[in-house]
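Numbers for residues simply follow the sequence, beginning at 1.
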Amino acid sequence: MEIRPILSALLRNKTGPILVAVQVALSLGILANALHIVQVRQAVSARASGLANEADVFTMQVRRLQKGNHQEQLAAQHRETDTLRAVPGVLSVASTSQMPLSRSGNYTGVATDRKQFKSTLTTSTYVTADSLVKTWGLQLVDGRDFLPAEVLEIDENTSNEFPKVAIITRQQGEKLWPGAASFVGKTFYFGVGDDARNARVIGVVERLQSPNAQIGERGDFSTIVPTRLTGDDASVYTLRAEPGQLDRVIKEAEAALRASSPTPVIVKVKTMVELRRDRYRADNALAWMLVTVSVLLLLITSSGIVGMASLWVTQRRKQIGVRRALGARRLDILRYFITENVMITSVGVGAGVLLALGLNQLLVSQLEMARLPAGYLIAGAGVFWALGIAAVYGPAWRAASISPATATRSA
């Protein structure tokens, strides 16, 4: 089929084709970036926290109405830990200062030399008197867990003592000592300068996300130190229940704590499933909003192409009739309009690709978004080409099916 007559006809009536091309370009530019953002957000919200079987893990904050002194708080913590371990269905219990994905926690700058001017990285610090490795099912890839003798009992209001050993994540070790074969035995410092406190690495876990679970490697910079802290009126415990027993264990654990305490306590419970859902609530809401916008864009664009194609076909019914009378087949008529629509859509796709790349560059520079993969542009172009063909097929086939006499008859 000759392309020149089709191009000549389009140039004589430019308004409609330009509108369709602009609509395709805008839709492709927005759609490609929107779906890319959705994919990135979904990947972020699905990142592994480092905890095995998150559905079986939960946390309990126990707040006492009577604070007590250092010894009384230590006794209360031991009693509460023993009480929780005795609950049927509890596999493991550990005290903790914070939870992954909780969006609230402690962060400290660390360095490999106290003489550094600034910290190498910022780590989230998990303080525990028990084994978070066991309770959370962390994957220990090097070294060992804490020994009972290494656990310090510190009143954070009166003591400046700090543990001398720590467990770190693999990502943190690679950042502190790039290229090292093993991080076990190496010393790092909390802070810089004369007041920096040193700690020796005795174990390395594959992954443990920070409370904020930041995007990128920063979300996996975590340190665990062996300490039982007092000085606050609340203690936080994390528990692992037997598979399928979570709801029952939560109810019985809360009841056991209240019954064992000589004074009233306030107990707050959060499961890891709830923590993950709350942490990524905004990301999931954004993803659904962008999916909705993308669907609406496709509907609007397809409606516009169908409407414009129907108008073009209707306006050229006489032309179609004359061509049919001169021997053109239905397939020739159909192929003409499909080729015409593909040409218009191709112009829109070309402009849309440039627009998509421009929008992505803006997102990369302003919001540190990832580069737009070429697959989104290729898939988007294919969608709009298919949409253009499908939109024009129906009106063109109906017009080509009309007899030449009817099509050429004057109104």
For L65, side chain to side chain contact (heavy atoms under 4.5 Å, CB included) partners two or more places apart = P264, I266

Not counting sequence neighbours, which residues clear side chain to side chain contact (heavy atoms under 4.5 Å, CB included) with D247? List them please.
-> none

Distance-only, no hydrogens or angles: does the [X] side chain make a donor-acceptor pair with backbone N or O of [Y] under 3.5 Å?
| X | Y | value |
| --- | --- | --- |
| S365 | L362 | yes |
| T59 | Y237 | yes |
| R279 | A213 | yes |
| E150 | V165 | no |
| E174 | G179 | no |
| Q73 | H70 | no |
| T345 | V342 | no |
| N157 | G231 | yes |
| N53 | D56 | no |
| R197 | G191 | no |

Going by atom types only, do [X] and [Y] share a side-chain donor-acceptor pair under 3.5 Å?
| X | Y | value |
| --- | --- | --- |
| S49 | E54 | yes |
| Q77 | T81 | no |
| N198 | T187 | no |
| T301 | Q23 | no |
| T112 | W177 | no |
| T123 | T223 | yes |
| S124 | S222 | yes |

Atom of [X], atom of [Y] and distance for their closest heavy-atom approach:
| X | Y | value |
| --- | --- | --- |
| R240 | G137 | NH2-N, 3.8 Å |
| V38 | A287 | CG2-O, 3.6 Å |
| L372 | A32 | CD1-O, 3.7 Å |

Should R218 and Y107 be marked as a side chain to side chain donor-acceptor pair (under 3.5 Å) after you check the CA-CA gap, both sets of side-chain angles, and the distance that decides it?
-> CA-CA 11 Å; R218 295 177 300 166; Y107 291 83; over 6 Å; no

Are [X] and [Y] ion-paired here, with the side-chain N under 4.0 Å from a carboxylate O?
| X | Y | value |
| --- | --- | --- |
| D82 | R79 | no |
| R207 | D220 | yes |
| D130 | R85 | yes |
| D195 | R114 | no |
| E80 | R64 | yes |

ring-ring contact (aromatic ring centres under 6.0 Å, His included) partners for F188, two or more places apart | F190

Going by the side chain to side chain contact (heavy atoms under 4.5 Å, CB included) test, name the single residue among L239, V249, V90, V62 that passes it with L84.
-> L239

Distance in Å, D283 CG paired with I37 CD1, rounded so as to fall on 0.5 Å steps = 11.5 Å

